[in-house]
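Chain letters run A, B, ... following the sequence lines, proteins first and then strands; every chain starts at 1.
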Amino acid sequence: MSELSKMRFLVVDDFSTMRRIIRNLLKELGYTNVTEAEDGNSALTQLNRDSFDFIVSDWNMPGMDGLQLLQAVREAPSLCKIPMLMVTAEAKKENIVAAAKAGASGYIVKPFTAATLDEKISKILEKQNKPL
Amino acid sequence: MKTMDDRIESATVVLLSKLSDIIDSHLLEAVDDVCQTRLILNEAIIKLERSFYGIQDELAKQHRLAEATVNDAGQDRLTAHLHQAIIGLQFHDLTDQLLQRVNARFDGLREMLVVMDYKKTMVSGHDQAEDISISLRKADETLTALSVKLQLTLSKSLRQEHMGSGDVELF
């Protein structure tokens, strides 16, 4: 099993089409270990139950949104080190700044390409000093 | 010095004028959102159409070359078309969010109209002009508060300039 396929990803999005798109793009990039959650609350439950290496999350979701999930993750000692990439339709500068302030590891605006996703994940993992 | 009738008339004019302005500005925002939705949908349809025709063409070529060895260039072109189709599919999410915003704005407008309807009943039940004047001014304040609340809830966000990569240089 390669290093990439060992990495455990959690994809959080209320839109099933988007979850499927991100899962397939990750698979194409070699990240085959992907779990899905449909909002922040169920994501947090899964994060506290299982171990993950990377979170890819939408912003606009019912219940707990992506920013709230990001804040919850960064406040939890057991989760705070997990890289979190925001994948969202929120293109406003203040949204991006809010995500950065809350501790987002990266930000992608929908619609995006596989190349952009690959580049962002690679950059984040390089910063985290994790071997690819 | 203004008479009681003058004050009632003045308050009514202010209220009706504010109501008209508020409804007009929110309807303009709703129209703007619908226009943006149409542009995004159009972009999605064009991308999907281009991609699937591309896939169709490549498959026809592959079919003709069925007896040849593995065609890497053809495979690359197929992958490129599929990536374009994936980008197009993401517009579904964007347009869905915009349409939800339009619905939320219409709900907010309906809430304001309910306030107006309630205040109209209150005014018609009063005998004293002074009470009517106070009631109208309260309606004005309530409408202003509702409008501000609606605007804060629905602040603009879906304004992608680039419908391609999704890259944002910040981090």
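- Under the 4.5 Å side-chain heavy-atom criterion for Ile, Leu, Val, Met, Phe, Trp and Tyr, B:L41 and B:L98 are members of distinct hydrophobic clusters.
- B:I23 and B:V31 are assigned to two separate hydrophobic clusters, defined by single-linkage of ILVMFWY side chains at heavy-atom distances under 4.5 Å.
- Among all heavy-atom pairs drawn from B:Q90 and A:P111, the shortest one is OE1-CA, 3.1 Å.
- B:V102 and B:L39 are assigned to two separate hydrophobic clusters, defined by single-linkage of ILVMFWY side chains at heavy-atom distances under 4.5 Å.
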Output, in order, the C-alpha distance, side-chain angles, deciding distance and verdict of side chain to side chain contact (heavy atoms under 4.5 Å, CB included) for A:K110 and B:L94.
CA-CA 8 Å; A:K110 296 174 188 172; B:L94 300 177; 3.9 Å; yes
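- In this structure, the separation between CD1 on B:I86 and CG on A:N24 is 6.5 Å, given to the nearest 0.5 Å.
- At a heavy-atom separation below 4.5 angstrom, chain B is approached by A:D13, A:F15, A:T17, A:M18, A:I21 within residues 12-22 of chain A.
- More than 12 heavy atoms of other residues, nucleotides or ligands sit less than 6.0 Å from atom CD of A:Q68.
- Tracing side-chain contacts under 4.5 Å through hydrophobic residues (I, L, V, M, F, W, Y), one never reaches B:I87 starting from B:I46; they form parts of separate clusters.
- Both B:L109 and B:V34 are part of a single hydrophobic cluster, where members link through side-chain heavy atoms under 4.5 Å apart.
- Taking CG of A:N60 as the reference point, atom CZ of B:R101 lies at 9.5 Å (rounded to 0.5 Å).
- Using a 4.5 Å cut-off between heavy atoms, B:H92 contacts chain A through both its backbone and its side chain.
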